[in-house]
Number of protein chains: 2
Amino acid sequence: MKYSTRDKILDAVYKLVYINGYNGTSIDMILKECAIPKGSLYHYFKSKKEMVLAVVKERIAPKMYEFYDLKKVKEENSIDTMIRAILKVSKKEELVKFGCPLNRLNQEMSPVDDDFDKAINLIYERMKSDILSVLKDSSIKPDVDMDSLAEFIIATVWGSLSLSPKHSSKKRYLNTINHLIDYLKSLKN
Amino acid sequence: MKYSTRDKILDAVYKLVYINGYNGTSIDMILKECAIPKGSLYHYFKSKKEMVLAVVKERIAPKMYEFYDLKKVKEENSIDTMIRAILKVSKKEELVKFGCPLNRLNQEMSPVDDDFDKAINLIYERMKSDILSVLKDSSIKPDVDMDSLAEFIIATVWGSLSLSPKHSSKKRYLNTINHLIDYLKSLKN
DNA sequence: TTGATTTTAGACTATTTAGTCTAGTTAAAG
DNA sequence: CTTTAACTAGACTAAATAGTCTAAAATCAA
């Protein structure tokens, strides 16, 4: 099980684009980061854009889905499963430090590039439906609109993570997100 | 009262950087947008960075403060003033379409540039204290932590606005933000 | 009007950018 | 072992990049 050149590239691009953004990351930075020659890079990917789109699908997407595949603890109300997922976010240091990688790329690329917009939206919709499937078998007051609640959860988590990355800390995230948790608890039937 | 070259530049840069980001906006794009020669540009600003920092201070900042200087309606609980401010955001088409300009720039520049980080943080802190001063004379349940509540409000609004700019609409914002409003109402004493 | 200052004009430069191309090397398959 | 395919290597290109420079024009103050 060796560390393939392609994987090396995707890891480097993920890391660099996460922090510097798409336009802030040059091919040369990538080559330096993974110490490979240009020929190899363009052997695996036909352009920078295709490369970063591969990162979206193969690196960012799995990281996003990861947060909502919590196994339900027996007898637990599903809303508590949701709360556990939200709290678990604080354990991922890079998220608390640099914000959500999907959200970052979304803000930079969605308004100016259709392919990025589509790729990112696909992941967003899947996240949303994952959340919905957790919420739907929880006992929530009947008058609550589930769809907008799922969006509210994502928006709040993303927003909390995006508050001034350099200064945000685990504690700050938890303080902010605590209000979301209180709200979710208040929706229990 | 003429439209000065400097203002013309700041307006163009605001618009271009808002949509394309800092690294996605070139000097040539700016020159084309405001139809001035390079000499003029570099007469008013010594570098691209200084130019965009001026946009942050002179264009973005006022737009941000604008949303929290609502006059309190007589007899109104201040929390309702807050809610009115949050709802008013939906009336600004560009916000709903492209997200919060401060948040966008923050995500792109704060992790990689100290000067941007500082300038943006200053605005953020002022917004937060504006919100706090509205909240502090409202009748909110005593056990609520005001500071994190102010951050929660900003995070949620920013997050709601950042959900997939291309597809977000006024209605989507309002649906999402409605949960925040319900939560705020529940905090009334 | 004159003289000083501010603003405009855009050609020019050095660097960086994404991407190409061809030759060489390594690995896989028979 | 030999042949074919996958991969590496990096020099090279054309375009775009931020920023400089000098001279001309417009504006302002006396």
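Everything numeric in this text was worked out from a predicted model, so none of it was measured. In what follows, chains are A, B, ... by sequence order, proteins preceding strands, each numbered from 1.
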If you restrict it to nitrogen or oxygen atoms, what contacts under 3.5 Å exist between nucleotides 9-12 of chain C and the protein, and what is each distance?
{"unit_1": "C:dG10", "atom_1": "N7", "unit_2": "B:G39", "atom_2": "N", "d": "3.4"}
{"unit_1": "C:dG10", "atom_1": "O6", "unit_2": "B:G39", "atom_2": "N", "d": "3.3"}

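Defined by atom type and a distance below 3.5 Å, a donor-acceptor pair is present between the side-chain atoms of B:S162 and A:N103. In summary, the side chains of B:N178 and A:S148 do not present any donor paired with an acceptor at a separation below 3.5 Å, with no hydrogens or angles considered.
Taking atom CG of A:L41 as the reference point, atom P of C:dT17 lies 14 Å away to the nearest angstrom. For the pair A:K49 NZ and C:dT17 C1', the interatomic distance rounds to 17 Å; values are reported in whole Å. Distance, B:K46 NZ to D:dT20 C1': 15 Å, rounded to whole Å. Atom-to-atom, CD of A:E50 to C1' of C:dG19 comes out at 13 Å; the value is rounded to the nearest Å.
With A:K48 as reference, A:I27 is the one residue of A:V17, A:I27, A:V13 to meet the side chain to side chain contact (heavy atoms under 4.5 Å, CB included) rule. Of the candidates A:I120, A:V52, A:V55, A:V55 is the only one forming a side chain to side chain contact (heavy atoms under 4.5 Å, CB included) with A:I60.
B:Y42 has no side-chain polar atom (N or O) that falls below the 4.0 Å cut-off from OP1 or OP2 of D:dC21.
The pair B:D113-B:K118 does not meet the salt-bridge criterion, since no charged nitrogen lies less than 4.0 angstrom from a carboxylate oxygen. Of the charged side-chain nitrogens involved, at least one lies within less than 4.0 Å of a carboxylate oxygen, so that B:K92 and B:E66 count as a salt-bridged pair.
For the salt bridge (charged side-chain N to carboxylate O under 4.0 Å, His left out) condition, the pairs that include at least one residue of residues 170-186 of chain B, sequence neighbours left out, are A:E151-B:R172. Counting only residues at least two apart or in different chains, side-chain hydrogen bond (donor to acceptor under 3.5 Å, both in side chains) contacts with residues 24-42 of chain A comprise A:K15-A:E33.
Near-neighbour residues of DNA chain D inside residues 18-33 of chain A, defined by a heavy atom below 4.0 Å, are absent. Shown for residues 4-12 of chain B: no residue has heavy atoms falling under 4.0 angstrom of DNA chain D.
Stacking of B:R126 on the aromatic ring of B:Y65 is recorded, both the 6.0 Å distance cut-off and the 45° axial limit being met. Both the sub-6.0 Å distance and the 45° axial angle are not jointly satisfied by B:K49 relative to the ring of B:Y22.
The B:H43 side chain lies nearest to C:dT6 when the options are C:dT6, C:dT20, D:dT8.
The salt bridge (Lys or Arg N to Asp or Glu O under 4.0 Å) test applied to B:D143 returns no partner, not counting sequence neighbours.
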